[in-house]
Amino acid sequence: MNTFSQPLLIYNARLFTPNPAGLMGWLLVENGLIHALGFGNTPDFSHKTSLQSIDAQGENLLPGFIDLHVHGAMGHEVMDASVPGLEELARFYASHGVTAFLPTTWTASRASILKALQLVEEMQDHIQGGATLLGVHLEGPYLNPARCGAQDVNFIRRADKDEALEFLETGVIRLLALAPEYDENLWLIEECVRRGVTVSAAHTAANYEQLQRAVEHGVTQLTHSYNAMQGLGHRELGTIGAAMALPQIQCELIADNIHVHPAAQKILVDVKGPSGVILITDAVRAAGLPEGDYVLDNRSVQVQHGAVRLQDGTLAGSVLTMERALQNICAATGRSLEEMWVTSSLNAARAIGISSQKGSLEVGKDADLVLLDKSFNVRLTVVKGAIVFSKL
Ligand SMILES: [Zn+2]
């Protein structure tokens with residue numbers, strides 16, 4: 001295993017830098033950062049002591065995936081608020097190329113949400129051998145019950161000041177998803193903006209005018225686009241149509257081909273451009289495990305043919321992993337990895353304001369890397385310069 005102090009050279013790789021993307025080159029990691037990179041022949045680094053060299057065999061080296069919306073995997077969920085659970089999530093995601101993520105809460109009681117927030121607060125700098133915890137994505141509870149999806153409708157409520165401020169005061173929330181059509185929720189958008197927390201419109205029936213108003217208050221993102229929102233109409237644009245029309249909005253997308261038809265994925269990318277779409281998994285407890293029956297809060301879900309559903313058929317998150325999401329979006333859009341790599345890393349980093357440290361292969365940024373073979377299988381994951389997963 002590589003350590004922070006040991007320099008790491010990856011050569012003979014197709015490098016996906018912001019410009020150019022996809023050229024053969026090399027990348028040198030030192031002290032957890034990208035120290036140098038270049039295209040063409042690898043310079044002679046034999047003078048460097050204890051240098052670990054990896055021949056990438058012409059495969060694709062991308063910035064590590066950043067998953068902003070993920071609830072669980074391997075039998076664990078963020079809402080379990082368990083230390084070993086969070087550690088296992090971080091390791092499982094890393095084995096799928098994720099180098100940083102936002103553990104995502106869902107609609108629940110004040111006490112349950114607070115417990116999950118406090119655990120992430122304690123764990124943030126203590127995850128070993130896995131993806132970095134970036135903070136928390138608070139999904140709900142301030143949603144629209146008519147668009148609850150699998151969120152527990154009994155706990156959906158409007159943004160209460162005392163409660164929401166207690167959540168924010170933990171200091172770990174980086175992204176907050178709410179239904180912006182309610183006047184009672186607008187203050188929270190502004191409070192989040194004031195604190196540097198990104199706000200996403202979620203589980204919402206907001207129409208064009210309401211989403212436009214939300215943008216004026218500071219909403220910049222749309223949660224799992226197309227899912228749990230008002231659909232597109234030509235007179236009544238619905239939430240998705242409004243998000244397509246408003247350039248300020250970045251669109252999360254679950255590209256598992258179950259939540260959204262591949263052709264609808266293509267439309268979204270064609271409209272928003274590759275820089276306007278953020279791939280997420282929305283993965284839940286069953287991710288990484290065999291199909292069958294699992295629990296979601298106090299309800300049961302069934303995983304069959306890659307879909308996670310409540311008893312009534314409602315989709316309840318996914319078992320998607322990020323490398324498959326990237327493969328699917330490339331296939332759905334017919335666009336190349338040179339164009340689409342931003343959807344699994346840089347766009348997410350920009351969305352939560354961390355793109356000066358993460359999200360692209362550039363000198364001085366964190367050495368968060370994923371090596372993908374031609375079939376999008378993860379061969380190597382590097383988090384802050386340390387190899388956390390290898391199948392070389
Ligand atoms: Zn959701």
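Here, residue 1 is the first one in the sequence, and each next residue gets the next number. Just so you know, ligand 1 is whichever comes first in the structure, and atom 1 is the first atom listed for that ligand.
Of all protein atoms, those that are N, O or S and lie under 2.8 Å from the Zn ion (ligand 1) total 3.
Between T104 and H71 there is a side-chain heavy-atom pair separated by less than 4.5 Å.
Classification of R194 and E190 as a salt-bridged pair fails, no side-chain N sitting under 4.0 Å from a carboxylate O.
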Under 3.5 Å, which donor-acceptor pairs do the side chains of residues 360-370 form with other protein atoms, sequence neighbours left out?
unit_1 : atom_1 : unit_2 : atom_2 : d
S360   : OG     : E362   : OE1    : 2.5
S360   : OG     : K365   : NZ     : 2.5
E362   : OE1    : K365   : NZ     : 3.2
K365   : NZ     : S355   : O      : 2.6
D366   : OD2    : K358   : NZ     : 2.8
D368   : OD1    : K384   : N      : 2.8
D368   : OD2    : K358   : NZ     : 2.7

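Because its NZ or CZ atom is not both nearer than 6.0 Å to the ring centre of Y294 and within 45° of the ring axis, R285 does not count as a cation-pi partner of that residue.
Of the residues listed (D270, I329, T343), the one engaging R335 in a side-chain contact (heavy atoms from CB on, under 4.5 Å) is D270, and it is the only one. With Y93 as the fixed residue, the ring pair (Phe, Tyr, Trp, His ring centres under 6.0 Å) test singles out one of F65, F389, F101: F101.
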